[in-house]
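See structure below.
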2 protein chains.
Amino acid sequence: MASVGIKDVAARAGVSVATVSRVLNAHASVSPAARARVLDAVEALGYRPNTLARSLRTDQTRTLGLVISDVLNPYFTELARSVEEEARALGYSIIFGNADERPEIQDHHIRTLLDRRIDGLLVSPTDGGSPLVLDAARAGTPMVFVDRWIAGVDVPVVRADGSAAVRDLVAHLHGLGHRRLAIIAGPATTTTGSERVAAFRDALAEYGLDLPDAYVGQGDFQAASGRRATERFLDLPTPPDVVFAADNLMALGALDALRARGLRVPDDIALAAFDDIPWFVHTDPPVTAIAQPTGELGRAAVRALTDRIEGRTPRSVTLPARLVVRRSCGEAAAPGPRTARKPEGAPRDHRP
Amino acid sequence: MASVGIKDVAARAGVSVATVSRVLNAHASVSPAARARVLDAVEALGYRPNTLARSLRTDQTRTLGLVISDVLNPYFTELARSVEEEARALGYSIIFGNADERPEIQDHHIRTLLDRRIDGLLVSPTDGGSPLVLDAARAGTPMVFVDRWIAGVDVPVVRADGSAAVRDLVAHLHGLGHRRLAIIAGPATTTTGSERVAAFRDALAEYGLDLPDAYVGQGDFQAASGRRATERFLDLPTPPDVVFAADNLMALGALDALRARGLRVPDDIALAAFDDIPWFVHTDPPVTAIAQPTGELGRAAVRALTDRIEGRTPRSVTLPARLVVRRSCGEAAAPGPRTARKPEGAPRDHRP
DNA sequence: AATCCTCGTGTAATCGATTCCACGAGGAGG
DNA sequence: CCTCCTCGTGGAATCGATTACACGAGGATT
């Protein structure tokens, strides 16, 4: 049970603990003979350094914290995967925290992470300005925001800019003859919650279209809220002819609501979503979505954070999102050969 | 920068570090006056104990490791979520590792976790018998297997038993007139890889049906392999009329392959999957699947592990999976009111 | 009034590493 | 042959907590 420590290695190799530590850390000079004996002892004893002790002494854990808003959301799942991958390549470990879109759980994880003395924190804030996050940032904890961010703190942000893609989407919808466009927004306290609505409204304005309050549903990025918002739209005197969900989970909820009413997409009503995921190829119908360069975002975020940790100057990064047209908004009017649609016969792999 | 330590608290409260530690840990007796002064000091200084130091001394981290096979798989994602939730309720933290179905990455995570001196390990082994896992188990690391397991070690297993549900599935398929049934298996090195094939074969036998080798596709639980296996089936002189994928990702791949060939489900070929996920309600067509009690599994696994850690006797748990019939295998022949199908008009929430 | 508990508290050892400093041996330079 | 470096090495302090042990004060017991 008593796991082997550096002392045991030292004893077996016939050297002091200092020497063992030196060979293990490729430090100063150690004679080839001693080094060999130490290495042998390490091997023979199956010695593994105690990370806790090491970190306590050196004051660095080579560990990064990642707090995401919702693990059940494929977008964040893919983000988490790329973050871990890049971190591992850079010699860091990742500890994840899942906030489940709940600020108090988010704070719980952040506190735990801080208590563990992680070297840096990657956050996609669930709310607009947790005092905990703000304090940590001001206290000097290396931090970078991914996807969502909080204004007013000097923390680099790595995110996708969807405005051009949203404009493309609106153009696409307008071209298909849709005029009454509604959106299911995320919480106004999150940047992605408000920005996507703003981008949508701006794009509509370019086509002389208005975005009435009744056409802005309030969601929370989870499926159930998408369902509720959609039902509300359908109960309106003049329901919209397009519903644009600000994330994939709410789009799923919208699909649920539409199916429950027996409505057909896109014939009765069109649907589009922010965030593209593999499943959207196979839904009935395949859904038109705005795809973020998720893997790139994750990698860039890790690089920014490690830059900050290792004394380099971190840069904020904004990458463009792009529109992926499928069938959920309707076909081009022309009865000829389908043109505007990207062929998806040889679907992309779900693994980069 | 120099974060506040127990010494600073002690100084401010005018007591010794021992007393501070005592109030923080609700230990022995401390006078109300001293306790109050300590608490004030903690508050004023914003003191947070250093987990590293504490764990080093006490030899326990109140942290559990969870190594899952693939984060991109919604099944594991849901499992991870329930595991974390239950662990949090029990006062433990979880550190996740994503093996990406690659044994070497799995081992990397296990090693890292062990180096961190986690109190226990939850593993869903990617391969049949990583020496690392075996050694750790034998060395006394508290461990429990979830979903998949490794034979020959005395480690509790928490999993779902799908055999009854597979039998139900075969009955359903047989009733629909299908006779040529194929399966896309997972790696034979995993228990879920081989067990599901065995259950399928047994169930077929009950109906006097055979499972020829050509109808056993070899997959690796990832989408691309489902696609490849399906293509191979379709190239057979007599292709199967049903494809049963042993997990949801391979089912996705199968759907891809079917769509690429222009085949219609279930008219041209039927499809079923192991693991039910919210998206299966919305695919084209909705897919018939075997649902595991994922949340229950996660919670049971955590309880088994904490039992082991805290000196109680852990129990293995096996929960039944159940068949969820949708449209991907065809409609019941009788033209009367649809009976066998569970109404899904008010779809379940994607959040328990 | 002497003795014995009990209670509250502080001193110091400890966990397992890293690292500063000192020291002895041996080679180079004078 | 003496001095001075350099190199390899060990001793011991340190990181920030927990906790065994000792000790003094005060109340209860006889």
Side-chain angles (χ1 to χ4, degrees), chain A residues 1-42 45-63 93 111-112 114-119, chain B residues 1-42 45-63 93 111-112 114-119:
Chain A
M1 189 94 307
S3 63
V4 335
I6 199 173
K7 280 205 263 274
D8 306 295
V9 176
R12 185 175 229 267
V15 298
S16 73
V17 296
T19 299
V20 175
S21 177
R22 277 189 278 254
V23 351
L24 260 31
N25 295 285
H27 258 325
S29 46
V30 177
S31 71
R35 147 168 286 108
R37 288 209 312 282
V38 168
L39 261 16
D40 282 354
V42 166
L45 267 30
Y47 168 73
R48 297 246 82 207
N50 185 325
T51 326
L52 269 44
R54 190 211 292 277
S55 294
L56 174 60
R57 185 63 235 261
T58 61
D59 202 44
Q60 54 152 319
T61 52
R62 290 204 75 82
T63 299
S93 294
R111 212 177 322 260
T112 306
L114 257 21
D115 285 353
R116 263 177 214 286
R117 304 303 198 258
I118 47 156
D119 292 343
Chain B
M1 189 91 309
S3 63
V4 335
I6 200 174
K7 280 206 260 274
D8 307 293
V9 176
R12 186 176 228 267
V15 298
S16 74
V17 296
T19 299
V20 175
S21 176
R22 278 190 276 255
V23 349
L24 260 30
N25 295 285
H27 259 325
S29 46
V30 178
S31 71
R35 146 168 286 107
R37 289 209 311 282
V38 169
L39 260 16
D40 282 354
V42 165
L45 266 30
Y47 168 74
R48 299 246 81 208
N50 185 324
T51 326
L52 269 42
R54 189 210 293 277
S55 295
L56 175 60
R57 185 61 236 260
T58 61
D59 201 44
Q60 56 151 316
T61 51
R62 290 205 74 82
T63 299
S93 294
R111 212 176 323 260
T112 306
L114 258 19
D115 286 353
R116 264 177 213 286
R117 302 306 197 256
I118 46 157
D119 292 343

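Lettering of chains follows the sequences in order, A, B, ..., and the numbering in each one begins at 1.
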4.5 Å side-chain heavy-atom contact, A:Val15 and A:Arg22:
no

Q: For A:Ser31, report the nucleic acid contact type (base, sugar-phosphate, nothing); a contact means any heavy atom under 4.0 Å.
A: sugar-phosphate

In this structure, CG of A:Asp115 is separated from CG of B:Asn50 (nearest 0.5 Å) by 8.5 Å

Quick note, B:Ser16 side chain, CB onward, closest among C:dG10, C:dT9, D:dT9 is C:dG10

Original post:
Should A:Arg116 and A:Thr63 count as side-chain neighbours, where that means a heavy-atom distance under 4.5 Å?
Top reply: no

Is the distance from OP1 or OP2 of C:dC7 to the nearest side-chain N or O of B:Ser29 less than 4.0 Å? no

For nucleotides 15-23 of chain C, tabulate all protein N/O to nucleotide N/O atom pairs closer than 3.5 Å, reporting atom names and distance.
residue : atom : partner : partner atom : Å
C:dG16  : N2   : A:Ala53 : O            : 3.4
C:dA17  : OP1  : A:Tyr47 : OH           : 2.7
C:dA17  : OP1  : A:Asn50 : N            : 2.6
C:dA17  : OP2  : A:Ile6  : N            : 2.4
C:dA17  : O5'  : A:Tyr47 : OH           : 3.3
C:dT18  : OP1  : A:Asn25 : OD1          : 3.4
C:dT18  : OP1  : A:Asn25 : ND2          : 3.1
C:dT18  : OP1  : A:Arg54 : NH1          : 2.7
C:dT18  : OP2  : A:Ser21 : OG           : 2.6
C:dT18  : OP2  : A:Asn25 : ND2          : 3.3
C:dT18  : O2   : A:Arg57 : NH1          : 2.3
C:dT19  : OP2  : A:His27 : NE2          : 3.0

In whole angstroms, the gap separating C1' of C:dC7 from CZ of B:Arg35 amounts to 14 Å

The side-chain contact (heavy atoms from CB on, under 4.5 Å) partner of B:Val9 among B:Val20, B:Val23, B:Leu24 is B:Val20

Crowding at CG, B:Asp59 (>12 non-hydrogen neighbours, <6.0 Å): no

Student check: side-chain heavy atoms of B:Arg12 and B:Asp8 closer than 4.5 Å:
no

